[in-house]
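Computation of the quantities below employed the complete heavy-atom set of this structure, encompassing side-chain atoms and omitting hydrogens, waters and symmetry-equivalent molecules.
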Amino acid sequence: MELNRAWLREQSENRNFKKLIAALCAAEILLTVEFFALSYGTLKIVRYLILLAAMFFIAWIDQHNRKIPNRLLLWTLTVRVILLAIEWTLYPGVGLVLFISALTGLVLGGGLFLLAHFLSRGGVGMGDVKLFAVIGAYMGGGSIMAVVFLTAVVSATYSLVMLARKKMKLKEEIPFAPFALIGLAAAMALGM
């Protein structure tokens with residue numbers, strides 16, 4: 001699965017993809033307004049909007065292919081490292097704190113899902129482990145647990161409803177990135 005212009009052209013013919021792109025744009029505008037109201041710094045707003053956009057594509061791909069592309073995760077993490085370097089340069093007094101927060105978020109997010117991977121005997125995929133490590137690097141140690149919690153609540157609610165409606169079996173696997181997108185957006189909207 002290669003994320004390139006041909007893939008984007010192909011997806012742009014999908015009516016659901018177009019609707020979700022419109023929803024993403026609306027969410028990014030609304031969150032930007034909220035972030036300014038919360039007095040977030042410009043770089044934090046940019047960081048959050050980049051993560052949200054990347055998560056949209058990751059969730060779309062995971063929903064359709066049941067796979068989270070390593071290349072997209074690596075690109076997203078590379079952008080985070082660049083943003084962190086810019087933040088550290090512009091705010092040298094808090095550069096180390098920002099770095100430690102990003103590293104703590106990466107380790108907490110990835111570590112928690114790595115533990116879940118082993119406890120579930122592979123039920124939680126390694127793509128999810130890497131995904132939450134990247135989300136943690138963006139959100140930091142203080143917010144990653146809120147994202148994990150909200151993601152778990154949303155996915156559990158969905159699973160229980162689908163089980164009750166007999167639309168899903170107990171051992172059936174579900175793509176997790178769409179729930180991570182919802183959990184992430186909710187955490188951002190709640191100012192976490």
Run the side-chain contact (heavy atoms from CB on, under 4.5 Å) test on M188 and L184 for me, step by step, so that the C-alpha distance in whole Å, both residues' side-chain angles and the decisive distance to 0.1 Å come before the verdict. CA-CA 6 Å; M188 287 179 175; L184 175 68; 3.8 Å; yes

Under a single-linkage rule joining Ile, Leu, Val, Met, Phe, Trp and Tyr whose side-chain heavy atoms are separated by less than 4.5 Å, which residues share a cluster with L119?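 Grouped by the 4.5 Å side-chain rule, L115 form the rest of the cluster around L119.
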
Please report the C-alpha distance between L181 and L52 in whole Å, then the side-chain angles of each, then the deciding distance to 0.1 Å, and finally whether the side-chain contact (heavy atoms from CB on, under 4.5 Å) criterion is met. CA-CA 7 Å; L181 172 62; L52 193 63; 3.8 Å; yes

Residues which pass ring pair (Phe, Tyr, Trp, His ring centres under 6.0 Å) with [X], listed by chain and number, not counting sequence neighbours:
X	value
Y138	none
F35	Y40, Y48
F118	none

Closest heavy-atom pair and its distance - [X], [Y]:
X	Y	answer
V129	G110	CG1-O, 3.5 Å
D62	F176	OD2-N, 3.2 Å
A180	I135	CB-CD1, 4.3 Å
I68	A177	CD1-CB, 4.2 Å
A102	L84	CB-CD2, 4.2 Å
P178	Q63	CG-OE1, 3.5 Å

Identify the residue among I61, L24, L51 that makes a side chain to side chain contact (heavy atoms under 4.5 Å, CB included) with F56. L24

Could you walk me through whether L150 and L190 pass the side-chain contact (heavy atoms from CB on, under 4.5 Å) check? CA-CA 11 Å; L150 291 169; L190 293 170; 4.2 Å; yes

Are [Y] and [X] co-members of a hydrophobic cluster defined by side-chain heavy atoms under 4.5 Å apart?
X	Y	result
L49	I29	no
I174	I182	yes
M192	L98	no
L163	F179	yes
L160	M162	no

Working to the nearest 0.5 Å, report the span between [atom1] of [X] and [atom2] of [Y].
X	Y	atom1	atom2	value
E10	F17	CD	CZ	10.5 Å
I45	L38	CD1	CG	9.0 Å
I21	K18	CD1	NZ	11.5 Å
L96	I100	CG	CD1	4.0 Å
W88	L43	CH2	CG	15.0 Å
N70	K130	CG	NZ	3.5 Å

Is the shortest side-chain heavy-atom distance between V134 and I58 below 4.5 Å?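 No - every pair of side-chain heavy atoms lies 4.5 Å or more apart.
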
Qualifying residues under salt bridge (Lys or Arg N to Asp or Glu O under 4.0 Å), relative to E87, sequence neighbours excluded: R47, R80

Are the side chain of H64 and the backbone of W60 linked by a donor-acceptor contact shorter than 3.5 Å? yes

Does S159 use its side chain to pair, donor to acceptor, with the backbone of S155 at less than 3.5 Å?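 Indeed, once roles are kept as given, a pair shorter than 3.5 Å links the two residues.
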
Should I144 and L112 be marked as a side-chain contact (heavy atoms from CB on, under 4.5 Å) after you check the CA-CA gap, both sets of side-chain angles, and the distance that decides it? CA-CA 10 Å; I144 186 60; L112 186 63; over 6 Å; no

Side chain to side chain donor-acceptor pair (under 3.5 Å) partners of N14, counting only residues at least two apart: none

